[in-house]
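Before any comments, here is the structure.
In what follows, every chain begins at residue 1, and chains take the letters A, B, ... in the order their sequences are listed.
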Protein chains: 2
Amino acid sequence: MDETPWEPPTVLLAVDLVILTLRSSTLHVLLVERGIEPHKGRSALPGGFLFDADEDLRTAAHRELSEETDLDAARLHLEQLGTYGDPGRDPRGRVVSVAYLAIAPELPEPEAGTDASAAAWTPVEECLSGRTELAFDHRSILDDGLERARAELEHTSLATAFCDEPFTISDLQQVYEAVWGQRLDPRNFYRKVQAVPGFIVPALPDRRRTRGRPARLFRPGPRDRLRPPMMRPDPPTSSEER
Amino acid sequence: MDETPWEPPTVLLAVDLVILTLRSSTLHVLLVERGIEPHKGRSALPGGFLFDADEDLRTAAHRELSEETDLDAARLHLEQLGTYGDPGRDPRGRVVSVAYLAIAPELPEPEAGTDASAAAWTPVEECLSGRTELAFDHRSILDDGLERARAELEHTSLATAFCDEPFTISDLQQVYEAVWGQRLDPRNFYRKVQAVPGFIVPALPDRRRTRGRPARLFRPGPRDRLRPPMMRPDPPTSSEER
DNA sequence: GCAAAAGTGTTTCTACTACACCCATGT
DNA sequence: ACATGGGTGTAGTAGAAACACTTTTGC
């Protein structure tokens with residue numbers, strides 16, 4: 001049908017990162033302020049173009065992560081989220097961006113970019129409410145990243161990636177509550193988590209000094225997929241169909 | 001840091017399709033025989049390069065689908081699966097491929113390509129066992145597609161996309177059994193499916209003529225996300241950790 | 001009538017919820 | 001002592017599995 005000599009179109013390939021963390025029990029996302037057009041001065045997800053034609057996609061994501069934060073990128077959970085390639089999403093031309101989702105434990109210092117204009121942890125609520133508007137289609141990438149994180153908390157051990165080791169069970173509970181936006185019963189959570197084989201394993205009989213009784217400490221277990229899953233309670237469903 | 005004039009590398013963008021269907025109670029995937037190098041003569045997932053720089057990714061997937069099968073592409077469930085961009089996955093150069101997952105009900109005629117050399121429904125078992133070797137990294141794309149389909153059967157109404165309307169509950173059960181590779185109890189399945197609000201709704205009091213008592217007919221319901229989910233039974237777990 | 005598949009009832013077991021209660025520590 | 005969060009017991013409820021049994025058709 002089309003045996004005519006035909007040149008496939010080339011596109012620019014980029015990676016974008018949704019980096020989530022918990023800061024004082026609130027979910028935050030790392031945003032940079034764009035230093036150049038388009039969308040100069042607006043907040044955006046960290047990311048950038050593939051460096052050269054031999055660079056692996058995941059490697060590119062790690063590189064951008066290192067360039068724009070001081071995180072120990074190696075130990076970070078990093079997972080492909082989706083690819084965003086609508087024509088017109090970037091006025092400079094056809095840019096297709098592969099988004100990655102990264103989860104970081106709470107950091108000592110919030111920012112310290114070596115590359116981008118400014119990097120800052122921003123409460124996700126600010127983005128969702130529209131108080132902070134994101135460049136390009138980064139709002140929908142963020143939405144997808146949040147929904148992915150919420151779903152993975154049910155079926156994988158992702159939550160432990162938010163925590164520094166060792167962690168207490170209520171550390172873990174704060175992760176679930178922040179990401180799901182729901183309060184959970186600490187007593188039931190305590191047992192439910194431990195009922196999942198391989199999710200968490202006890203650490204040294206060390207104990208954490210806070211108010212109240214010291215808590216036992218745990219580390220991530222060997223299992224990545226949770227069986228049974230940690231199902232989130234149904235949100236108050238407005239209408240029932242039949 | 002690098003303010004030197006720098007040209008971002010361009011890549012070739014492709015789409016690949018994992019098209020699954022049920023044929024005589026067995027899960028099949030659509031494969032084409034490659035007519036050109038590389039991997040000439042080998043089986044591969046249908047797909048191809050982006051047509052031009054203005055073409056949407058999903059549109060490209062639909063176009064390739066129409067070109068290589070006679071499916072009514074419009075009514076097909078089509079969902080982004082992931083992006084495969086390892087350098088070296090294609091010897092022709094840097095090709096990044098966005099994979100889509102499509103689910104089709106059983107078709108009157110299995111093949112009829114207008115574009116590719118030959119299209120054929122192949123039992124997925126043939127690919128998994130290695131009896132049919134796939135070109136490029138299509139084997140791992142297929143693996144990801146299967147795992148995605150298995151997971152979506154639990155949480156979404158994807159299974160109805162395998163069925164022609166109207167369908168019986170045991171039609172639906174065959175979908176679950178084929179994709180999960182597990183036998184299910186028909187009596188419990190019968191009630192479990194109907195206990196999910198909005199999953200399926202009764203169709204005309206028409207009945208299907210087979211051996212045995214005729215079954216009631218149903219259509220897909222309004223809900224896309226299943227609550228409660230249809231959890232698959234745990235596969236016989238080999239080892240328990242503690 | 002008999003085979004075959006659809007659909008129902010019932011029992012048992014497990015899992016989740018809600019909440020009362022006890023435990024260990026800092027102040 | 002007492003406040004504060006960690007951890008345990010337990011009853012009530014809902015859902016899942018297992019399986020006996022009835023119903024409706026084709027032959």
Inset, instruction - State whether B:Tyr190 places a side-chain N or O below 4.0 Å from either non-bridging phosphate oxygen (OP1 or OP2) of C:dT8. - result: yes
Legend entry - Between B:Asp16 and B:Ser97, a side-chain donor and acceptor under 3.5 Å: yes
Inset, instruction - Using modelled atom types only, decide if a donor and an acceptor are shared between the side chain of A:Gln80 and the backbone of B:Thr83 within a distance under 3.5 Å. - result: yes
Enumerate the protein-to-nucleotides 13-16 of chain C contacts in which both atoms are nitrogen or oxygen and the separation is below 3.5 Å.
none

Legend entry - Closest-nucleotide 5' rank along DNA chain D - winner of A:Arg213 and A:Arg191: A:Arg213
Legend entry - Integer-rounded Å distance: C:dG7 C1' and B:Gln173 CD: 13 Å
Legend entry - Qualifying ring-ring contact (aromatic ring centres under 6.0 Å, His included) pairs, either residue in residues 188-209 of chain B, two or more places apart: B:Tyr176-B:Phe189
Legend entry - d(CZ, A:Arg187; C1', C:dC23) in whole Å: 14 Å
Legend entry - side-chain N/O B:Arg216 vs C:dT8 OP1/OP2, d < 4.0 Å: yes
Legend entry - B:Ser170 side-chain N/O to C:dA6 phosphate OP1/OP2 under 4.0 Å: yes
Legend entry - Any residue meeting ring pair (Phe, Tyr, Trp, His ring centres under 6.0 Å) with A:His138, in chain and number order, not counting sequence neighbours: A:Phe136
Inset, instruction - List in chain and number order the residues that pass ring pair (Phe, Tyr, Trp, His ring centres under 6.0 Å) with A:Tyr84, two or more places apart in sequence or in another chain; answer none if no residue qualifies. - result: none
Legend entry - For A:Val193 against A:Met230, the heavy-atom pair lying closest together: CG2-CE, 3.7 Å
Legend entry - Flag, side chain of B:Asp171 to backbone of B:Thr168, donor-acceptor distance under 3.5 Å: yes
Legend entry - A:Ser24 and A:Thr26 side chains, donor-acceptor separation under 3.5 Å: no
Inset, instruction - Go through the structure and list residues passing salt bridge (charged side-chain N to carboxylate O under 4.0 Å, His left out) with B:Arg213, not counting sequence neighbours. - result: none
Legend entry - Span of DNA chain D, from the first to the last nucleotide whose atoms fall under 4.0 Å of chain A heavy atoms: D:dT4 to D:dT10
Inset, instruction - Rounded to the nearest angstrom, tell me the gap between atom CD1 in B:Ile169 and atom P in C:dA6. - result: 10 Å
Legend entry - Value in whole Å for how far the P atom of C:dT17 lies from CZ of A:Phe189: 12 Å
